[in-house]
Amino acid sequence: MRALLILLLVVPLAAADSGVLIPGDRNAPDPSVLSLEEMSLNIGIDNGTARVSVREIFANHTNRNLEGTYSFALPIRALLSDFAVWDDLTRIPGVILERKRAEEIYDELRRQTIDPGLLQMGERSAEEASRSSEFTAKVTPIPSRGTKRVEIEYNERIPVEQLSSVLSVPLKPDAYQAQVAGQLDINIDIQSERPIKTFEGIAKAYPLRIDERGQNRIRASFSGRNVTLAEDFGVKYTFDASTADSLRVLTYRNPAEMPPTGFFQVSGLFGAGNGSAADGAAAPAPRTVIAAFDSSLSMQWNKLDSSFQAFETLIRSLRPQDQFNVIVFNSDVSVFANSVQPASMDQVERALAFVKQSRLRGGTNLGTALDRALGQAGPNAYVVLFTDGGATQGAVQNSRLFSAFNTQWNRIPAAQRPRMFVFGVGDDANLPLLKQIGSANGVFEWARSSEPIDFKIQQFIAKIGRFPISSLRLSVMPAANTNMVYALEPAVFGGSEQVWVGQYQNPAASATFTATGLRDGRNLSITAMAPLPADSTDHGTLPRTWAKARVDALLDKINQNGEDKASIDEIIQLSRKYKFVTPYTSFLAAPRSLLRPRLIRPGDPVLRVKTDPSIKSVIAVFPFGLVKPLKYLKDEDIWQTRFLAPADLQDGTHQVQLILRDARGNAYREQKSFVIASKPPIVRAKLDRTSYRRGDEVRLQVSASATTRTIVARMYGVAPVRLSWNADARSNIADFRIPETMPAGQYNLIVSAEDFAHNIGTQEVNLAVVP
Amino acid sequence: VRTKLRWIVPVALSVVTSLTLVWIVRARRAVEEARADAAHSPISFEIHPISASRPNTVDFLPAPPDFRDAQVFHDSLYIAGAGGLWVYDLAGNLRASYQPGRDLPAAPLVAMAIGTVAGDAEPKLWIATSNSGILSFDGERFSQIRVHAKDYGTASSLLILPTGILLIGFSEGGVLRYDGSTLAPFHPDLRRIPVTTLAGTEGDLWIGTRDRGVIHWQAGSTEEFQDQSALPDNHVLAIAAYGVASRERVFVGTPLGAAEFRSGKPFRKIAEGVFSQSLLATNDRLLIGTVDEGVVEARLSADRAERVIPSGNPELRSARRLLELGGRLFALTPDGLFERESNAGGWNRRIDVPRPHWADRNISALSVDAAGKLWIGYFDRGIDIAGADGDQNATHIEDDQIFCVNRIVQDSNRNMTVVATANGIALMSSQGKILKRITEADGLISQHVSDVVVRPGGLAVATAAGVTLLDAGGPESIYAFHGLANNHVYSLAVNGSRLMAGTLGGLSVIQDGFVRASYTASNSQLKQNWVSAVVPMGDSWWIGTYGGGVVQLDSGGRWRDFPDFPLQTVINPNAMLVVSNRVLAGTLDRGLFVYSAADHRWTPITDGLPSLNVTALAATSADLFVGTDNGIVRMPIERLPQ
């Protein structure tokens, strides 16, 4: 009976648990076994490109050699560039290999009972996410009473939005709440051609000491002992508006390379303007927002939740003078109202209920949904699309679907033509198509299935009603000396930065870079002159940034036109040369370390195991003594069984041991964890008081069961609020403000906690809003 | 030399005798200490004879025996299994059988031992059951010892010491000793350990555990051996001693091979990688019974144990016990006994069970079709379609989809049977032909289907991720996002246009495809949010919960609970049925409950059930079929409480 509640999760349980090393026989870090003795974080930001190096030393406090699982959550924009473990005095780095070759080696090592692991994009097994921001590494051996050193490095581009840049380095383990570093050293070095106006550390747990404060360089550091990693490390820095509307040029060329290739990066920071389309009118015009919401079966779970969160935020952000309509689509397309409706509170609530009541259907008729959305367009209209982009009905090929959309969009008179805002969701989102749709005078944003998306939603919604700088292009003179120039941002709004990267063939004393576009209906032209030097090695990350942009362009081409050998070969070559993972390459750490993307994903309440083809028998040994052979399902190429957990088995994480035997009689032992979650989370919510005035800040404090994954508070007239763990308060906390326009009265605040098994526990709290 | 020998021999003898005496004294002292300690913490138990009268209204339908252990007692071979106890003469002829629920308590038998416990004049057969304590059998009558202690788990192994002590290994509670009058922990060091098997003698005891390797208890002290140093794995499945001087050579079987101990110390690992669930050391060979490779042999004389896989009988896959009887070697499998050929090394079946029989004992679904055929769904063995009279001409269907079965429902509108499984649903003809398979690829919100109900326009499917409505317009799904009390939907019931969905988090009312209301323990009289079964009777709904018994919801929205229903009773998923103005509810551990609308009372039924875990119900106009995790019984409806 209890089997029906059992979810198989991939080890480890946690999502986004950064820099933890979990003893092999445990489910969570245990500092009495393995403690984090030292951690150092070295961050260099070179004109918007961050290189983050993490070094951690763990101590084994037992009298036996241990095996551990190292876990680190990469930020979404991060590109892993290095991972290594030290075996005594030997550094064992990971290497980039062509995917097929990496898999051959991986399989061979597995046959030798060594588990090296892979980091790669694209699905390796049914249980592993296609793309995940978290990876784990098996680290072994960790010598008894000895230490183990682990190093990881990644690069990340830090965009400028509204003249601000924010860097966040994940340090706080999510599910494990916190770990303590015996010694923590953080050094950050920011170099910027553009003068930095303000700088602040935004992590209270790591107060920074400013070691150098110049206009173009800031160095800061933190050092502490026994530091609880209770929050992520982060810094924010801003640029003066007076530095806007200018271009900055960086170059890199190493004459020692044969043949030497020159790289340049041009950063254009654009002034805010007034964000209007044409005439610069100050008062925001009424908007017409058509929200198209995907409720096809592929959207279930996190994708639907994320989409709805974004949709709800959008709808609740509408002003009374705005108009809106909602289209829900799957294999059918249904419309909230026959025509656009005023954004009254009543209509907003009805629209939310309309989406909530839409049932999931198998197909996705994206083409028809877009047609219907475009048909609703009017002056100052926005079509906001929430989808994973996986069309299965009507036109399904990207090229045909986009062509049909584009024809329809262009058929609309220019003044009535809606701007396309696309919020893509899911690890498997159809990014090429969604990017294309978002390029129709709009914005594209993408959120993976598991990432917190509040910030992204806010940025996304804030752009509705504002216009990007259109027709933004970079030209270089002399043109013949440069090639393969790529813009890194799909759309740029006032106050933001566009970055172009390209190559130059020959050094030149001077080149002219000109960015042109249309801002607020007026022509924009910014020019800079800079040399293209023969020897310029200060900006070492530039070639890698360019290579990544080149690979992205090749992948776009493959998505549009299909695979061709030349493109694939070039992707592999660039990936290996500049060391980052692509769909055609893998990061293989062998023989002693393991890199493997993991993502929490509830599975079926049966035990399903995918194995190498050489495996001929799989037997599960359950923690309560049951021994069950698994049945091989040929069509699915998977082993399966199910089991009855004893009624007295406690809720929580348990281990099942798998004995795998190959055709030669070799036996392998692997462990999987499963969670018995038979009870919804228990929620206890507390407000700091029971009565609030408009504009007051509300502090909500919620305690919930340990298995809780997310906690969201909802209240009429307020965008959904996600709560996060606060180590000091030892509780989940959120602060939100009562809107100034909120009518006085009694309101229900509904707090919902969802666990890993999607069990939902709720509690309602009453509060009064007084005038 | 002779003079020297005159001195040396007596001195040596005296030293050996002294050492032996010291060892015996220490061993006795240790036993006495253990006894003294145990005497301080006796465990309450009751012992009573088992009635020889049999329930005469219950028919036991055929199921495989699922043999677990064998012993020779009173010149007969006794084989114990989930299906009961079988007695064979030594020529292999069946002489008697005893079934759970009919002759024995309603529980599978798991292990046996033979010996004379203090206070008994003669040896008895001692039998451990999975959840009904220990049975003793003197050749004519059974007695039952029920332990009144929580948290001990189930009895996993028995060992009778020469001193008349019965040791009982528990899956959670360690080792208990029973001396004929007192039941107590054997030794403080052996409490609260998950015991899998016991072997050895009073002063030299070996305890296999589920996750702590093997524990050697000798002369009052324990030594623990785990996979770091001594074993291929910490989960010990079997222990065997070699020869009379069993202290010298002991073999320990684990899922990843066996290990040899000499003089109480790890000596070597043997047959690494072989799943060693049973062991027998004999004639310089270690026989290893595996789960799926038959019997593997290893030669013991070589310094490095040589592994041999015999050509073997393909019927002999899982060897649960290995026995040496009169110099002949036997292997017990779930469905028979095999003897090893002395020369060729092959294995021949010596004891079979009556065939054909149904595929499994673990029933998860039952249904009777319009033609009166009984459809039996198994927990993980597919389905059988058989005559409702229990005839054995069953059609067995088992494939990659029809494997883990949860529910079987007759769709009389379309004249077909719907089989819900952990891998989707299958629509089948009355002959058992698969007409269509429906999976996630066809629009189910999840592969794992817990329940199905037939609606006028199609089907409603309960899954671990929500409800999918299948009708002519194609599949549509709803889950917690749309207002369902929880994504995990266990049970569905339909009455007119209303669809009730029992979920992990409460009961949701669905009408026209929309969730109209949800009831939980906080806004209704549900005592538990987890709704495991729902059935309509008249214009009311009967709702079974996991741990909160049954409640009733009438058409006016009024709730009613039942004081005569035991508190905290677990109703198994979809184990409810309405038949002849009665509501039936199958429970996890309390048998079957029958509610009579005539006198508004619940009556428990346990007599005649092969297990108190009632998992499925179905009925014809005359008979009720009760499925359990240990077989099926049939009883006349007219004999149910009226």
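So you know, we letter chains A, B, ... as the sequences are listed, proteins then strands, and number each from 1. Fair warning: this is a prediction, and the values are worked out from it, not measured in the lab.
Within the model, atoms OG of A:Ser295 and CD1 of B:Ile478 stand 12.5 Å from one another, a figure rounded to the nearest 0.5 Å. Within the model, atoms CG of B:Leu256 and CD1 of A:Ile659 stand 4.0 Å from one another, a figure rounded to the nearest 0.5 Å. Here the straight-line distance linking atom OG of B:Ser446 with atom CD of A:Gln300 works out to 7.5 Å at 0.5 Å rounding. The OG1 atom of B:Thr290 lies 7.0 Å from the CZ atom of A:Arg661; values are rounded to the nearest 0.5 Å. How far CZ of B:Phe481 is from CE of A:Met299: 9.0 Å, rounded to the nearest 0.5 Å. Annotation: the span from A:Leu360 atom CG to B:Thr468 atom OG1 amounts to 8.5 Å, rounded to 0.5 Å.
For B:Asp399, the part lying near chain A is the backbone, with the side chain staying farther off; criterion is any non-hydrogen pair under 4.5 Å. The contact between A:Leu304 and chain B is made by backbone and side chain atoms together, counting heavy-atom distances below 4.5 Å. Only the side chain of B:Leu237 comes within contact range of chain A, with at least one heavy atom under 4.5 Å from a heavy atom of that chain. Proximity to chain B (any heavy atom under 4.5 Å) is shown, for A:Lys634, by both the backbone and the side chain.
The backbone N or O of A:Pro623 lies less than 3.5 Å from a partner atom in the side chain of B:Arg210, making a donor-acceptor pair. At distances below 3.5 Å, not a single donor-acceptor pair connects side-chain atoms of B:His235 with backbone N or O atoms of A:Val621.
Comment: A:Lys631 does not engage B:Asp380 in a salt bridge, judged by the lack of any side-chain N to carboxylate O separation of less than 4.0 angstrom.
Residue with the most contacts toward chain A among B:Ala465, B:Pro194, B:Ala441, B:Ser156: B:Ala465 (heavy-atom pairs, distance under 4.5 Å). For the set B:Leu444, B:Thr503, B:Asn423, the count of heavy-atom pairs under 4.5 angstrom toward chain A peaks at B:Asn423. Chain A forms more heavy-atom pairs under 4.5 Å with one residue of B:Thr154, B:Val405, B:Asp442, B:Asp151 than with any other, namely B:Val405. Contact count versus chain A (heavy atoms, under 4.5 Å) is highest, among B:Val291, B:Asp233, B:Asn529, B:Val515, for B:Asp233.
Remark: A:Arg642 is not positioned above the aromatic ring of B:Phe403, lacking an NZ or CZ atom under 6.0 angstrom from the ring centre and at most 45 degrees off the axis.
A search for salt bridge (Lys or Arg N to Asp or Glu O under 4.0 Å) contacts involving A:Glu312 returns A:Arg316, A:Arg714, not counting sequence neighbours. With sequence neighbours excluded, the residues that form a side chain to side chain donor-acceptor pair (under 3.5 Å) with B:Asn613 are B:Asn572, B:Asp629.
More than 12 non-hydrogen atoms from other residues, nucleotides or ligands lie less than 6.0 angstrom from CZ of A:Arg669. Enclosure of atom CD in B:Gln511 by more than 12 non-hydrogen atoms of other residues, nucleotides or ligands within 6.0 angstrom is indicated.
Two residues are said to be in side-chain contact when any heavy atoms from C-beta on lie closer than 4.5 Å; B:Leu469 and A:Arg359 meet this criterion. In this structure the side chain of A:Ile619 never reaches within 4.5 angstrom of the side chain of B:Pro255, judged on heavy atoms. At a threshold of 4.5 Å between non-hydrogen side-chain atoms, the residues B:Asp400 and A:Tyr632 do not count as touching.
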Inset, instruction - Could you walk me through whether B:Gln401 and A:Asp635 pass side chain to side chain donor-acceptor pair (under 3.5 Å), step by step? - result: CA-CA 10 Å; B:Gln401 186 192 35; A:Asp635 289 347; over 6 Å; no
Inset, instruction - Walk me through it: do A:Gln640 and B:Cys404 pass the test side-chain contact (heavy atoms from CB on, under 4.5 Å)? - result: CA-CA 10 Å; A:Gln640 177 177 317; B:Cys404 303; 3.8 Å; yes
Inset, instruction - Just do the side-chain contact (heavy atoms from CB on, under 4.5 Å) check on A:Gln657 and B:Asn234 with the steps written out, would you? - result: CA-CA 11 Å; A:Gln657 185 166 266; B:Asn234 281 339; over 6 Å; no
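The two residues A:Ser617 and B:Asp292 have their closest heavy-atom pair at OG-OD2, 2.9 Å.
Judged purely by distance below 3.5 Å, without hydrogens or angles, the side chains of A:Asn330 and B:Glu476 never pair a donor atom with an acceptor atom.
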